[in-house]
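A, B, ... follow the sequence lines: proteins, then strands. Residue 1 opens every chain.
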Amino acid sequence: MIRVRFAPSPTGYLHLGNARTALFNYIFARHENGKLILRIEDTDKERSKKEYEEMLIDDLKWLGINWDEGPDIGGEYGPYRQSERTDIYYEYIEKLKDTGHIYKCYCTPEELEEERKKALAEGRPPRYSGKCRNLTKEEQEKLEKEGKTYVWRFRVPDDEVIEFEDLIKGVISINVNEFGDFVIVRSDGSPVYNFVVVIDDALMKITHVIRGEDHLSNTPKQILIYRALGFEIPKFAHLPIILGEDRSKLSKRHGAVSLRAFRDDGYVSEAMFNGLALLGWHPKGDSEVILPEEIIKEFDIKDVHNAPAVFDRAKLKWLNGVYIREILDLDDLTNRAIPFFENFGYKADFDYYKKVMQAIRDSLETLMDIEERAKPFFTNDFHYDEDAAKWLETEEGYKVIQAFYEKIKGLETITKDDFKKITKEIQKELKVKGKNLFMPIRVALTGKTSGVDIATLVEVIGIGRVKHRIERALEYFG
RNA sequence: GCCCCCGUCGUCUAGCCAGGCCUAGGACACCGGCCUUUCACGCCGGCGACACGGGUUCGAAUCCCGUCGGGGGCACCA
């Protein structure tokens with residue numbers, strides 16, 4: 001049974017990069033009929049907040065990701081919050097003490113900083129010197145009597161090359177001399193990330209660790225710990241990093257990069273799912289529009305591209321448009337659009353919203369675009385744009401809406417076909433056609449020279465509002 | 001600085017592992033046209049890349065080496 005995990009730290013909104021990592025874990029798990037585990041890495045008390053965890057879960061679910069074990073649903077390998085696993089960590093720290101894999105180090109941060117600087121200046125890799133490595137019991141006791149605090153460091157073998165096969169990048173080999181003895185337990189007694197992640201992954205029986213490439217250089221340290229504890233080493237897959245336009249790691253500096261921001265900006269989850277999957281992975285065929293379930297079917301971790309990818313906002317926007325105008329079911333789309341309508345102050349019932357969506361969906365890229373495109377369906381007291389007003393400031397234009405008003409003023413209802421019939425008649429009677437015929441009506445009805453099909457608009461808003469707007473224009477331009 | 005990863009159109013990528021099917025395919029963006037009462041949608045077309053230099057080979061985007069370039073990492077953060 002394949003078991004993978006997504007292990008975010010709840011320090012803010014779910015970032016696009018993390019969302020992509022979560023997504024690939026999910027897709028892989030489902031493709032392989034394995035399990036996805038959600039684990040919350042909340043050991044950084046300074047930055048972790050409970051409400052962030054809830055937001056994280058909410059975002060993940062919105063994206064369409066679900067998991068088989070996690071803090072919200074439990075599971076047989078819990079607890080799934082690192083803050084609730086401290087006893088477990090101490091147990092394994094004891095084991096490492098017993099086997100002599102870790103030792104006490106009394107160096108102060110200041111001393112270490114000093115060494116770092118010196119090493120850097122001399123062009124050596126800045127790693128721990130091993131000063132406290134072979135302290136005797138007596139020396140340790142003496143230092144502790146002086147009130148010195150200590151950390152526990154892992155005893156790294158000398159000059160050994162750690163080699164592992166990455167499912168995406170191939171064989172990776174790193175010499176342990178690059179990092180030297182690293183800290184496992186802080187001076188306050190709390191264990192460090194590289195240690196707890198190994199304990200958790202091992203105990204939770206994780207078979208494949210799929211994570212961002214920024215963890216690549218941590219991997220040998222973790223392998224050392226797996227070995228020291230006699231744990232089976234999982235397979236690793238490091239996803240290429242996502243870059244901003246300036247080719248540096250995507251971050252807040254690059255604008256809105258949280259999943260939540262896209263959701264608020266009117267992106268639909270399937271498009272995000274599709275778009276995020278496209279960052280580093282590509283379907284076999286020519287079409288890049290591919291539904292979540294198809295992605296899961298087609299996905300193979302070996303096909304993931306291994307070069308970092310610049311996040312393509314324009315393409316994601318286009319994709320979102322495709323989902324809005326071609327893929328989503330109209331009722332479903334309408335339901336998702338309702339919060340946006342309401343937010344713009346456009347009030348109506350479901351059936352009306354649905355008609356509006358049917359009329360405008362082809363012109364939307366995001367649900368935010370509803371504000372502009374749906375306006376004529378809700379607002380009677382709009383401004384006439386300067387270039388639009390010109391169509392009614394001419395005698396010909398004014399006559400058109402006069403004629404139009406004559407024909408509709410006695411009506412109780414109006415349909416698309418009625419509208420077409422009426423405009424045909426005006427065309428014959430006044431001998432105006434094309435823009436000269438339709439623009440004056442459009443401007444009288446919307447105040448703009450562009451927008452939805454007017455026949456559709458007329459049918460949806462109904463005769464009352466049509467009359468009202470024509471009367472208003474007649475008066476305004478009369 | 002050191003280590004690791006990477007390098008195909010502006011961007012995302014297919015092709016690379018098993019060299020010829022590649023005058024390098026697709027998608028977004030951009031430009032032009034068509035459709036049309038407008039905008040948009042849609043359709044058609046165009047622009048546009050194997051980072052560079054050496055090898056290996058009858059033949060290299062594909063294999064090897066080097067250079068250059070980009071990214072990530074070098075914490076008592078995760």
Specify the separation, in whole Å, of atom [atom1] of [X] and atom [atom2] of [N].
X	N	atom1	atom2	result
A:E110	B:rC76	CD	C1'	12 Å
A:N436	B:rU37	CG	C1'	10 Å
A:K169	B:rG72	NZ	P	12 Å
A:Y193	B:rG73	OH	P	12 Å
A:L216	B:rG72	CG	C1'	8 Å
A:I172	B:rG73	CD1	C1'	13 Å
A:E178	B:rC74	CD	C1'	8 Å
A:D286	B:rC28	CG	C1'	14 Å

OP1 or OP2 of [N] less than 4.0 angstrom from a side-chain nitrogen or oxygen of [X], does that happen here?
X	N	result
A:R247	B:rG69	no
A:N306	B:rC6	yes
A:K249	B:rG73	yes

Donor/acceptor link under 3.5 angstrom from A:R361 side chain onto base of B:rC41: no
Interatomic distance at P, B:rG66 relative to B:rC50, whole Å: 23 Å
Letter per nucleotide, 5' to 3', of nucleotides 13-19 of chain B [B base touched, S only sugar-phosphate touched, - untouched; heavy atoms, 4.0 Å]: SS-----
Nucleotide nearest A:S450 when distance is taken to its side chain, options B:rC39, B:rA27, B:rG71: B:rC39
Nucleotide nearest A:S363 (side chain, heavy atoms from C-beta), chosen from B:rA40, B:rG73, B:rU37: B:rA40
Sugar-phosphate only, base, or nothing, as touched by A:D453 at under 4.0 Å among non-hydrogen atoms: base
A:Y353 side-chain N/O to A:Y346 backbone N/O, donor-acceptor pair under 3.5 Å: yes
